[in-house]
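A short worksheet on the structure shown next.
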Amino acid sequence: MESQKPLSERYADQIAHVLIEALPYIRRFRGKTLVIKYGGNAMVDDALKHSFARDVVLLKLVGINPVVVHGGGPQIGHLLERLGKTSRFVAGMRVTDRETMDVVEMVLGGLVNKEIVNLLNQHGGHAVGLTGKDGGLIRARKIVLKPRDPAVDASEIIDLGHVGEVESIDPAVVDMLVHGDFIPVIAPIGVGEDGVSYNINADLVAGKLAQVLQAEKLILLTNTRGVLGKDGELLTGLTAAEVEKLIADGTISGGMIPKIRCALDAIAGGVRSVHIIDGRIEHAVLLELFTDRGIGTLLGGKA
Ligand code: ADP
Ligand code: MG
């Protein structure tokens, strides 16, 4: 049997320092709800998936209540490609016909959701996967895109098919799971009044859910360092007016637009802080939560 080597003094010092630094944060966040948006582009490699799962399980074990919402755009894209189905994108959203929606539901509600559930459980958590259909969690409405030019006639309104936004959230099933010490893992699929399924951007679901749950924090893991400025510098503490300016001049584009807008909405809706952080860094969630410096873009207050 290998004998345990004594820790070098410096290393021991570092470990003790890290643990002590975490203590006030653990105390502050105990019993609080944290909504974490994971996946899509941050869910890339196996080591990262495991480090994410360990972070979430650790949070639960120290008395914090994590609720995971996941995306899956790239995974949906891969299966559609294998099925030989091409998609058209409008304003960063996939035009989703009935057949595509079936694939979305299989990939998000099936493969991706259960992969995350399984990962958390492998690391000692008790995770339960849901879509927005379960327990009537997410009521959706169809997104209708109007062309920018008012001269274009109404028949030009772009039909995105089964692409929705959140109409309302009934958090009863999430509350029940959280109180039963489970970690809810939510796929962003909602149901319209007519019973039709809608695919919703996971950032939007996470943002609304954080508001409804009056979460302490919303954490959005993505595949960049945070919100970046024109010269690639990390931006933090942005106001709504600053964000709209950055969108208007093209500095913020694509998937970062719904992300930052839902972050601002969440703050306006009573979530204490929103963190947009780099999911490509191992243990990004722990570093952001439990160290004084943190990483990524912060909106609202750190406390
Ligand atoms: P996710 O799966 O995390 O939601 P998205 O692709 O939807 O990923 O959104 C993140 C992407 O937004 C980044 O990878 C980047 O390409 C793009 N983006 C556009 N503008 C910015 C910006 N100003 N700062 C950071 N990322 C930006
Ligand atoms: Mg996105």
Side-chain angles (χ1 to χ4, degrees), residues 35-45 48-49 51-52 55-56 68-80 87 89-96 104 107-108 111-113 115-116 132 143 160 163-166 185-190 198-210 217-266 274-282 284-285 288 295-299:
V35 175
I36 305 170
K37 189 285 182 125
Y38 175 59
N41 289 313
M43 203 178 152
V44 280
D45 83 42
L48 285 172
K49 287 181 193 174
S51 97
F52 169 79
D55 287 6
V56 172
V68 178
V69 177
H70 63 84
Q75 292 86 342
I76 292 165
H78 291 151
L79 185 56
L80 285 171
S87 303
F89 284 85
V90 176
M93 290 176 278
R94 187 193 302 277
V95 177
T96 306
V104 167
V107 173
L108 282 183
L111 277 178
V112 177
N113 187 271
E115 182 181 2
I116 298 170
I143 287 187
L160 293 169
V163 179
E165 58 193 345
V166 178
V185 178
I186 299 161
I189 295 166
Y198 288 97
N199 181 15
I200 307 174
N201 181 299
D203 297 329
L204 299 180
V205 169
K208 282 282 189 310
L209 189 63
K217 285 178 187 295
L218 167 63
I219 298 174
L220 302 166
L221 286 164
T222 185
N223 63 343
T224 63
R225 286 181 293 129
V227 183
L228 304 177
K230 245 199 292 300
D231 303 315
E233 75 280 16
L234 186 68
L235 302 175
T236 195
L238 296 162
T239 64
E242 286 165 343
V243 165
E244 289 312 319
K245 233 175 98 192
L246 291 167
I247 292 173
D249 75 11
T251 307
I252 296 178
S253 62
M256 193 49 76
I257 296 177
K259 208 182 293 298
I260 188 76
R261 286 210 173 117
C262 89
L264 290 167
D265 268 7
V274 181
H275 307 246
I276 298 175
I277 62 174
D278 195 340
R280 300 167 306 175
I281 296 176
E282 280 203 31
V285 174
E288 178 64 35
I295 54 172
T297 295
L298 168 70
L299 301 172

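First listed ligand is number 1; within each ligand, the first listed atom is number 1. Please read all numbers here as calculations on a predicted model, not as lab measurements.
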Within a strict 4.5 Å, meaning less than it, do heavy atoms of the Ile36 and Phe52 side chains meet? yes

Ionic contact status for Arg280 with Asp45, cut-off 4.0 Å: no

Exactly one of Lys37, Arg261, Lys208 should register a side chain to side chain donor-acceptor pair (under 3.5 Å) with Asp203. Which one does? Lys37

Gap separating the OG1 atom of Thr297 from the CG atom of Leu235, nearest 0.5 angstrom: 6.5 Å

Would you mind checking which non-hydrogen protein atom is closest to atom 11 (C) of ligand 1, with the distance to 0.1 Å? Asn223 OD1, 4.1 Å

May I ask whether Arg225 has any heavy atom positioned less than 4.0 angstrom from an atom of ligand 1? no

State whether Arg225 and Glu233 are salt-bridged, where the test is any N-O pair (Lys NZ or Arg NE/NH1/NH2 against Asp/Glu carboxylate O) under 4.0 Å. no

Close approach, Gly226 and ligand 1, non-hydrogen under 4.0 angstrom: yes

Between Glu288 (side chain only) and Ile295 (backbone N and O only), is there a donor and an acceptor less than 3.5 Å apart? yes

among protein heavy atoms, the one nearest atom 5 (P) of ligand 1 is Asn41 ND2, 3.7 Å

For atom 26 (N) of ligand 1, tell me which residue out of Met256, Lys230, Met43 has the closest non-hydrogen atom. Met256

Contact check, Gly39 vs ligand 1, heavy-atom distance below 4.0 Å: yes

Identify the protein heavy atom lying closest to atom 3 (O) of ligand 1, giving its residue, its atom name and the separation to 0.1 Å. Thr222 OG1, 2.7 Å

Distance filter under 4.0 Å to Leu221 heavy atoms, resulting ligand 1 atoms: 3 (O)

Within a distance under 4.0 Å of any heavy atom of Thr251, pick out the atoms of ligand 1 and give their elements. 20 (N), 21 (C), 22 (C), 23 (N)

Which protein non-hydrogen atom lies closest to atom 24 (N) of ligand 1, naming both residue and atom, and how far is it? Leu228 N, 2.9 Å

Strictly under 4.0 Å, does any heavy atom of Leu246 approach an atom of ligand 1? no

When you measure from the side chain of Glu242 to the backbone of Thr239, do you find a donor-acceptor pair of N or O atoms at a distance under 3.5 Å? yes

Hey, is the main chain of Ala284 close enough, under 3.5 Å, to the side chain of Asp278 for a donor-acceptor pair? no

Which ligand 1 atoms does Val227 reach within 4.0 Å, using its non-hydrogen atoms? 24 (N)

Closest approach of any protein heavy atom to atom 16 (O) of ligand 1, naming residue and atom: Thr224 CG2, 4.8 Å

Side-chain ion pair, Glu115 and Lys49, N-O less than 4.0 Å: yes

Polar side chain donor-acceptor pair, His275 to Lys217, under 3.5 angstrom: yes

Looking only at protein heavy atoms, which one is nearest to atom 20 (N) of ligand 1, and how far off is it? Ser253 N, 3.0 Å

Top protein contact for atom 4 (O) of ligand 1, by heavy-atom distance: Lys259 NZ, 2.6 Å

Give the residue, atom name and distance (to 0.1 Å) of the protein heavy atom nearest atom 7 (O) of ligand 1. Gly255 CA, 3.3 Å

With a cut-off of 4.0 Å, which atoms of ligand 1 are near a heavy atom of Ile252? 20 (N), 23 (N)

Taking it one step at a time, do Lys230 and Asp249 satisfy salt bridge (charged side-chain N to carboxylate O under 4.0 Å, His left out)? CA-CA 10 Å; Lys230 245 199 292 300; Asp249 75 11; 3.6 Å; yes

Has ligand 1 got any nitrogen or oxygen that is less than 3.5 angstrom from a nitrogen or oxygen of Gly254? no

